[in-house]
Q: 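Mind looking over this structure? Questions follow.
Quick note on labels: first sequence line is chain A, next is B, and so on, each numbered from 1. In this text the structure is predicted, and so the values were computed from the model without any measurement.
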There are 2 protein chains.
Amino acid sequence: MGKEKTTRAVTILDVAAAAEVSKSTVSLVLKNSPLIPAETAERVREAARKIGYVYNSRAGELRGKTSKTIGVIVNDLTNPFFAEILVGVERKLVEAGYIVLMAHTNEDVERQNTVLRTMREQGAAGLVLCPAYGTPKTLTKEVESWGMPLVVMVRTLGPGKYDFAGADNERGIYAATRHLLDAGHTRIGFLGGRTGVVLEQRLKGFRAALAERDIAFDEDLLVAAQPTRKGGHETMSALLDKKPRPTAAVCYNDVVAFGALSALGERGLRAGQDFALMGFDNVQDAAHSNPPLSTIDIRPGELGEHAAAILLDRIQTPARARQTYLADPQLVLRQSG
Amino acid sequence: MGKEKTTRAVTILDVAAAAEVSKSTVSLVLKNSPLIPAETAERVREAARKIGYVYNSRAGELRGKTSKTIGVIVNDLTNPFFAEILVGVERKLVEAGYIVLMAHTNEDVERQNTVLRTMREQGAAGLVLCPAYGTPKTLTKEVESWGMPLVVMVRTLGPGKYDFAGADNERGIYAATRHLLDAGHTRIGFLGGRTGVVLEQRLKGFRAALAERDIAFDEDLLVAAQPTRKGGHETMSALLDKKPRPTAAVCYNDVVAFGALSALGERGLRAGQDFALMGFDNVQDAAHSNPPLSTIDIRPGELGEHAAAILLDRIQTPARARQTYLADPQLVLRQSG
DNA sequence: CTGAAAGCGCTTACAG
DNA sequence: CTGAAAGCGCTTACAG
C-alpha cells in the first residue's frame with residue numbers, strides 16, 4: 001500500500017505514536033525485552049506492521065556500539081575449495097544472526113588492504129581472512145591493534161598468536177604419498193603449487209614419506225605451477241615427459257589433480273590403471289571427476305564452519321585463549337590412485 | 001602505538017581538536033571537498049593519521065542517508081557457474097566503491113527471505129539476486145515497494161518489469177543441439193535439470209533444433225536430475241542403458257556434463273570418440289576436464305559484471321528504463337563433442 | 001573559507 | 001512497567 005515519499009523514513013517514533021507508547025517502549029519491544037507486558041508488545045508489533053516500519057540496524061548499531069556484520073575475505077572463489085569454505089563460513093555466521101561482508105582478493109594484497117580498510121570503516125564485528133599470497137606477517141598484529149577479532153584461514157601468517165583454522169597439510173600429503181608408496185610406486189611426482197606456507201607444509205609431508213622409504217627426493221619430479229586446473233594440466237604434461245616416466249603423482253590440491261586428469265586423458269592414459277594420482281582437499285567435484293579422484297579429505301565446508309565458530313567465540317569472549325582448528329586429513333580412495 | 005581503551009572511539013571531533021579546526025572542516029576534508037584549501041586539508045589529514053582516526057561509515061551513512069553496501073544473494077556457490085558470477089559482481093561493485101553483503105540461500109526460499117530482510121534492515125543500497133527455486137513472482141514488486149533497486153540474475157521471475165541479467169538459454173541450447181545434429185547424431189539425450197524457467201528455456205531450444213530436422217522429441221531421452229555432478233552422473237548412466245543407445249547428449253549445464261563425463265569413463269567410453277557431449281555455461285573448468293568439454297559459452301564472470309553494472313546504473317538513475325542483459329551464447333568446441 | 005546548530009534513527013541508563 | 005533525556009559519529013545547510 002501507501003505511496004510513500006522517499007524523504008521521511010518510518011521510525012520508531014511513528015510506531016510509538018501509532019501504538020500510543022513512548023519510543024523507548026518500542027525499542028524494548030523490538031529487542032523482545034521481558035520488561036514489556038505481552039499485550040503492550042503485541043500492540044506495538046501490530047502498529048509497526050501496519051505502518052510498514054522497518055528496523056534500521058545502522059542506527060541501532062551506531063548507538064549501541066554493536067555490529068552484526070562480519071567481513072570474510074577469500075582469495076580465489078574459482079577454486080571450489082574456497083567456495084565450499086565460504087559456504088561453510090556463511091552458513092554458520094547467518095545461523096548466529098550475523099551477515100557477511102564478503103570480498104574477493106584474487107591474491108592481490110593491495111586489494112586486500114582496500115577491503116580490509118572498508119570493512120573496518122563499516123564497523124565489522126570481526127574478520128575471517130584467507131590471506132592473499134604476499135600478505136605481511138604483521139597483518140595479524142595490525143588487525144589486533146584495531147581491536148578487531150580475526151581468524152586466519154587456510155594459510156598461516158607466521159608464528160604469532162592468532163586464531164586459525166586450516167588443515168594438517170603435512171600429515172595429509174604424507175598419507176597420500178604413503179599410499180602411493182604402499183602400492184609400489186617409487187617414481188612419484190609432486191604437481192602444482194608455486195609458493196606459500198601451504199606448499200611448504202605439503203612438500204614437507206611428501207619428503208617425509210619418501211625419506212621413510214629411503215627414496216631419494218628427486219627435484220626433477222617436483223613440477224611447480226599455479227594451483228589451478230591449467231597448472232595441473234601443464235605439470236602433468238611435463239611430468240609425463242620425464243625419463244623414466246614416473247608412475248604416480250601427488251597433487252598440490254584437487255584442482256591441480258583435475259587438470260592432471262585432463263592431461264593424462266589427452267595421452268590416452270587413465271588414472272587408476274596407467275598412472276596413480278592423488279589429490280588434496282576432497283572438494284565435492286572429486287567424487288565425480290573422470291575418473292573419480294582419490295584424495296585427502298579435509299572437509300572444506302566444515303573447515304569454514306569451524307573458522308566461523310572460532311570467530312564467534314572470540315567475539316563473545318575476547319579474552320579467551322587462542323584457538324586453532326586443524327582439519328584431520330583422511331585418505332579417501334576412489335579410482336585415480 | 002597507543003593502548004587505547006575500548007570505550008571512547010576517535011572521532012572527527014578529536015581530529016578537529018588536533019588540527020585546530022572545526023569538525024565540519026574535518027568532515028569536508030574527508031570527502032575531499034574543494035572548499036578546503038590544500039594546506040588545511042593536509043594538516044587535517046596529518047592530524048587524523050597521527051591520532052589514529054578511522055572513518056565510521058555507519059554514522060556517515062546514517063546521517064547522509066546513503067549506503068555503500070550492496071546485497072548479493074546467490075543460491076549455489078558449489079556450482080562454479082555461480083561462483084564465477086559472484087566474482088564478477090563483486091569485482092565490479094568493489095571497483096565502484098561499494099562493498100558486498102553476501103548471502104547463500106542454498107535454494108531455500110525461507111532463508112532467502114531472512115537475508116532479504118536483514119539486508120533491508122542493514123540499509124543496502126541495492127540488491128543483486130539470483131532467486132532460489134520457488135521464489136514467488138511477486139518478489140520483484142515487493143522489493144520495489146521497499147524502494148530498493150534490484151537486479152534479478154540468471155533466473156527470470158515472471159514477466160514483470162525488473163532489471164535482469166542472464167543468458168539466452170533457448171538460443172544457446174539450440175546451437176548446442178544443432179551442432180550435434182550437424183555431426184549426424186539423431187538419438188540425442190537431454191541430461192539434468194529438474195525445474196525452473198532456465199530448464200524450460202533450454203528445453204525449448206532443444207526441441208526447436210530437433211523439430212527443425214524433423215526428429216521426433218523422445219521423452220525417454222530427457223532424463224531429469226539435480227543440476228549437479230551427481231545428477232550428471234546418474235542421468236548419463238541412465239541414458240546409456242536406453243535401447244538403442246543414444247550417441248550424443250546435451251547437458252543442462254557444465255556441471256552436469258562433468259558428471260556425465262565421469263559416467264562415460266566408468267563404462268570405458270570417451271566423450272568425443274564414443275559419445276558426443278555438450279555442456280552449457282563454459283565455466284573455467286570446462287577447458288581442462290577429461291576430456292575438455294565442448295559447451296556453450298555465456299561468460300559467467302561477465303554476466304556478473306553486467307548485473308552489477310545495471311544495478312549501479314539504476315542506483316544512479318532510479319527513473320531509467322528497465323535494462324536487460326542477455327549473454328549471447330557462443331558455441332565453443334573442444335573435445336567432448 | 002570555517003564555525004555553530006540541527007538531526008539521521010536508534011539505545012540506554014535513570015526516574016517515577 | 002513506561003517516559004524524558006542524552007548521545008552514538010557523522011553531514012549538511014546556513015551564517016558570517
Q: What is the separation between atom CD1 on A:Ile12 and atom P on C:dG7, rounded to the nearest whole Å?
A: 17 Å

Q: Find the distance B:Lys68:NZ to D:dT11:P and express it as a whole number of Å.
A: 13 Å

Q: When you check the side-chain N and O atoms of A:Thr135 and A:Gln112, is any donor under 3.5 Å from an acceptor?
A: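 Yes, A:Gln112 and A:Thr135 have a side-chain donor paired with an acceptor closer than 3.5 Å.
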
Q: Give a yes or no on this: more than 12 heavy atoms of other residues, nucleotides or ligands lie within 6.0 Å of atom CD of A:Glu20.
A: no

Q: For residues 35-47 of chain B, pull every pair meeting side chain to side chain donor-acceptor pair (under 3.5 Å), keeping only residues two or more places apart or in separate chains.
A: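 Listed by first then second residue: B:Asn32-B:Arg45, B:Glu46-B:Arg49.
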
Q: Any side-chain heavy atom of B:Val89 sitting closer than 4.5 Å to one from B:Glu305?
A: no

Q: Dot-bracket notation for DNA chain C is requested: 5' to 3', Watson-Crick or G-U wobble pairs only, both distances under 3.5 Å, with ( ), [ ], | and . as defined.
A: |||.||||||||.|||

Q: Using whole Å, report how far CG of A:Leu13 lies from P of C:dC10.
A: 8 Å

Q: When you check the gap from the basic side-chain N to the acidic O, do A:Arg322 and A:Asp163 get nearer than 4.0 Å?
A: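 No, no charged N to carboxylate O under 4.0 Å.
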
Q: Surrounding NZ of A:Lys141 (heavy atoms of other residues, nucleotides or ligands, distance under 6.0 Å), is the total greater than 12?
A: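 Open.
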
Q: Could you check if a side-chain atom of A:Asn75 sits within less than 4.5 angstrom of a side-chain atom of A:His104, using non-hydrogen atoms only?
A: no

Q: Is A:Ser22 close enough to D:dG3 that one of its side-chain N or O atoms is under 4.0 Å from OP1 or OP2 there?
A: yes

Q: Which nucleotide in the list C:dT2, D:dC1, C:dC10 gets nearest to the side chain of A:Tyr53?
A: C:dC10

Q: Ignoring hydrogens and geometry, is there a side-chain-to-backbone donor-acceptor pair from A:Thr69 to A:Val100 under 3.5 Å?
A: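 Not confirmed, A:Thr69 side chain does not pair with A:Val100 backbone.
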
Q: Sequence neighbours excluded, which residues qualify as side-chain contact (heavy atoms from CB on, under 4.5 Å) partners of A:Val197?
A: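 Counting only residues at least two positions away or on another chain, A:Val197 forms a side-chain contact (heavy atoms from CB on, under 4.5 Å) with A:Arg155, A:Thr156, A:Glu200, A:Gln201.
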
Q: I need the residues from residues 40-48 of chain A with at least one non-hydrogen atom less than 4.0 Å from DNA chain D; give them sorted by number, or say none.
A: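 DNA chain D contact set from residues 40-48 of chain A: A:Thr40.
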
Q: Set out, line by line, the N/O atom pairs under 3.5 Å between protein and nucleotides 12-16 of chain C.
A:
none

Q: Please determine if A:Glu61 and B:Arg58 form a salt bridge, counting it only when a charged side-chain N lies under 4.0 Å from a carboxylate O.
A: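 A salt bridge is present here (some side-chain N lies under 4.0 Å from a carboxylate O).
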
Q: Can you figure out which of C:dC10, C:dG3, D:dT2 approaches the side chain of A:Ile36 most closely?
A: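 Nearest listed nucleotide: D:dT2.
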
Q: Between A:Glu20 (CD) and D:dT2 (P), how many Å, whole number?
A: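 Going from A:Glu20 (CD) to D:dT2 (P), I get 13 Å.
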
Q: Do you know which two heavy atoms are closest between B:Arg314 and B:Ala321, and how far apart they sit?
A: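 Reported closest heavy-atom pair: NH2-O, 3.0 Å.
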
Q: Considering only heavy atoms, which members of residues 54-61 of chain A lie under 4.0 Å from some atom of DNA chain C?
A: A:Val54, A:Tyr55, A:Asn56, A:Ala59, A:Gly60

Q: Out of A:Val15, A:Thr11, A:Asp14, which one pairs with A:Val26 under the side-chain contact (heavy atoms from CB on, under 4.5 Å) rule?
A: A:Val15

Q: May I have the step-by-step check of side chain to side chain donor-acceptor pair (under 3.5 Å) for B:Ser22 and B:Thr25, ending in yes or no?
A: CA-CA 5 Å; B:Ser22 83; B:Thr25 304; 3.3 Å; yes

Q: Mind calculating the distance between NZ (B:Lys65) and P (D:dC10) to the nearest angstrom?
A: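 Between P of D:dC10 and NZ of B:Lys65: 18 Å.
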
